[in-house]
Trainee: 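Got a structure for you, written out below as structure tokens; questions coming shortly.
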Amino acid sequence: RYFETANRAFIIADTPGHVQYTRNMVTGASNAELAIVLVDARNGLTEQSRRHAILTGLLRVPHLVLAVNKMDLVDYDQAVFDEIKAEFTELASNFPDMEVTSIPISALRGDNVVTDSEAMPWYDGPCLLKHLESVRVSTPDQRTGLRFPVQYVLRAQKTVDYRGYAGQVAGGTVAEGDTVLHLPSGMTSTVTSVDTADGALAEARPPRSVALRIADQIDISRGDMLCSAVAAPSSAEELEATVCWMAAKPVLRPGSRLLFKHTTRTVRAVVTDLHYRLDVTTLERGDVEELELNDIGSVALRLAQPVFCDPYEHNRTTGGGLLIDEATNATVGAVMITRVVSGTD
């Protein structure tokens with residue numbers, strides 16, 4: 001769903017909280033900058049509410065709104081709101097990097113939805129729309145430095161000798177004169193231009209799609225990465241990751257052979273270990289032999305070729321990936337990298 005106000009445009013992904021739709025929630029949250037967890041004031045936090053909050057935290061959504069709805073049915077009682085808020089805050093404390101805002105609302109009567117409510121004078125925060133318009137949304141984490149997975153090499157030789165490396169900036173910034181490192185070669189060069197169809201830019205930030213030109217002739221192709229020369233990603237051949245399994249068949253178990261799509265690079269992978277399955281309502285870890293549809297667990301992967309990655313908590317683009325069934329080409333798993341076991345930094 002799409003809507004916009006005078007201040008900001010919005011895209012809404014409606015992801016159900018039922019356990020059988022866990023994969024839908026993971027897909028929606030992976031690209032979200034803010035999540036709204038809607039709670040019925042009469043029922044408080046349910047299992048679905050807890051699942052939504054935990055998945056939001058696992059997917060590193062930076063902002064979360066607890067919208068306590070149907071306040072009109074509890075006589076706008078502040079004690080009811082405060083109790084739900086306290087329980088939710090305790091749950092969200094498992095994810096300290098996530099900013100949580102709690103808002104009491106009545107969608108039926110419009111209280112604190114688009115305008116401030118006179119029925120709840122005890123609440124002095126913003127209404128929901130005002131918060132959505134003013135919350136500071138950020139680009140992918142800048143702590144990783146420049147991350148530029150190369151998607152395509154642009155050549156034009158008939159009229160001008162042009163070679164540009166097209167892709168989307170996934171972290172940091174890039175500008176003319178910057179020194180960049182090419183992976184996997186390890187060679188460095190200088191950016192001579194940051195190009196778009198509308199002309200050159202002074203600099204580019206995520207998620208801008210651009211074409212970079214560099215000073216030196218380096219053999220660069222799709223799947224390679226241009227990155228910060230002083231803060232490079234890990235070149236990983238073995239890694240540990242949290243996986244949401246999205247297929248009814250097959251199941252994920254040690255020995256499973258799959259394709260791992262990471263940014264613009266796709267490599268063969270084998271599951272070497274399955275550490276545990278995560279209960280997404282309690283955060284408890286249980287021993288299992290396989291992951292089934294909508295299960296989330298921790299696995300170890302060994303890759304046929306290295307990928308250039310960061311932990312998911314630092315960069316959701318270079319820290320995430322997909323598992324693909326080689327036989328059917330179906331996407332069967334969502335990957336969040338937690339640790340590089342072997343490779344180079």
Side-chain angles (χ1 to χ4, degrees), residues 19 22-23 25-27 29-30 54-55 57-60 94 144 147 149 170 183-184 186 222-225 227 232-280 282-345:
V19 64
T22 299
R23 59 181 175 177
M25 174 63 188
V26 168
T27 302
S30 65
I54 289 173
L55 288 173
L58 287 174
L59 272 293
R60 302 288 173 175
N94 292 289
T144 58
R147 299 291 184 264
L183 295 175
R222 176 181 171 86
D224 293 357
M225 182 177 287
C227 61
S234 298
S235 178
E237 296 176 343
E238 293 187 46
L239 51 85
E240 292 180 354
T242 300
V243 170
C244 175
W245 193 245
M246 298 180 169
K249 291 183 179 180
V251 296
L252 180 71
R253 55 170 60 99
S256 296
R257 295 183 179 276
L258 303 152
L259 296 177
F260 178 44
K261 186 181 187 306
H262 177 266
T263 62
T264 58
R265 171 171 282 218
T266 301
V267 302
R268 286 185 168 83
V270 60
V271 179
T272 56
D273 198 5
L274 174 54
H275 301 308
Y276 59 81
R277 184 179 71 87
L278 184 69
D279 187 321
V280 292
T282 64
L283 286 176
E284 294 180 352
R285 301 176 177 184
D287 295 332
V288 290
E289 295 182 355
E290 60 188 27
L291 294 183
E292 300 178 341
L293 175 64
N294 289 311
D295 281 347
I296 293 180
S298 175
V299 306
L301 297 173
R302 185 172 68 245
L303 311 179
Q305 296 174 285
V307 296
F308 315 116
C309 62
D310 301 284
Y312 187 82
E313 63 179 330
H314 292 166
N315 189 303
R316 290 200 288 171
T317 300
T318 57
L322 299 174
L323 293 175
I324 299 171
D325 188 312
E326 284 188 281
T328 64
N329 207 36
T331 299
V332 292
V335 176
M336 293 159 278
I337 297 171
T338 54
R339 188 171 74 92
V340 173
V341 178
S342 72
T344 58
D345 293 328

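Note that the structure is predicted; figures quoted are calculated from it, not measured. Numbers for residues simply follow the sequence, beginning at 1.
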Trainee: Quick one: pull up CG in L259 and CG in L322 and give me the separation to the nearest 0.5 Å.
Mentor: 11.0 Å
Trainee: For the backbone of R257 and the side chain of R268, can you confirm whether one donor and one acceptor N or O come within less than 3.5 Å of each other?
Mentor: no
Trainee: Which value, rounded to the nearest 0.5 Å, describes the distance between Q305 atom CD and R265 atom CZ?
Mentor: 6.0 Å
Trainee: Please report the closest heavy-atom contact between G321 and F260, naming both atoms and the distance.
Mentor: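 Looks like CA-CE1, 3.8 Å.
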Trainee: Checking D325 now: which residues fulfil side chain to side chain contact (heavy atoms under 4.5 Å, CB included) with it, not counting sequence neighbours?
Mentor: P250, A327, T328, V332
Trainee: Check whether any side-chain heavy atom of R253 lies under 4.5 Å from a side-chain heavy atom of L274, and answer yes or no.
Mentor: no
Trainee: Among L55, I54, D279, L291, find the residue that satisfies the side-chain contact (heavy atoms from CB on, under 4.5 Å) test when tested with I296.
Mentor: L55
Trainee: Quick check: does any side chain N or O of H275 sit under 3.5 Å from a backbone N or O of G297, one acting as donor and the other as acceptor?
Mentor: no
Trainee: To the nearest 0.5 Å, tell me how far T331 OG1 sits from K261 NZ.
Mentor: 9.0 Å
Trainee: Residues two or more places apart in sequence or in another chain: which of them pass side chain to side chain contact (heavy atoms under 4.5 Å, CB included) with L293?
Mentor: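 So L293 forms a side chain to side chain contact (heavy atoms under 4.5 Å, CB included) with R23, A248.
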Trainee: Answer whether the closest heavy-atom distance between the side chains of V299 and L252 falls below 4.5 Å.
Mentor: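 SC-SC contact between V299 and L252 confirmed.
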Trainee: About how many Å separate CG of D310 and CD1 of I337, when rounded to the nearest 0.5 Å?
Mentor: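 So the CD1 of I337 and the CG of D310 are separated by 8.0 Å.
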Trainee: Check E290, M246, R277 against D295 for a side-chain contact (heavy atoms from CB on, under 4.5 Å) and give me the one that passes.
Mentor: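 Passing option: R277.
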Trainee: Is it true that atom CZ of R302 has more than 12 heavy atoms of other residues, nucleotides or ligands lying nearer than 6.0 Å?
Mentor: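 At most 12 heavy atoms, drawn from other residues, nucleotides or ligands, come within 6.0 Å of this atom.
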Trainee: Specify the closest pair of heavy atoms between W245 and G333, including all atoms of both residues, with the distance to one decimal.
Mentor: CE3-CA, 4.2 Å
Trainee: Please confirm whether the backbone N or O of A300 pairs with a side-chain atom of T272, one donor and one acceptor, at under 3.5 Å?
Mentor: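 Side chain of T272 to backbone of A300, a donor-acceptor pair under 3.5 Å: yes, one is there.
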Trainee: Calculate, to the nearest 0.5 Å, the distance between atoms CE and OG1 belonging to M225 and T318 respectively.
Mentor: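 It comes to 6.0 Å.
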Trainee: Measure the spacing between OG1 of T264 and CG of D224 and express it to the nearest 0.5 Å.
Mentor: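 If I round to the nearest 0.5 Å, the distance is 7.5 Å.
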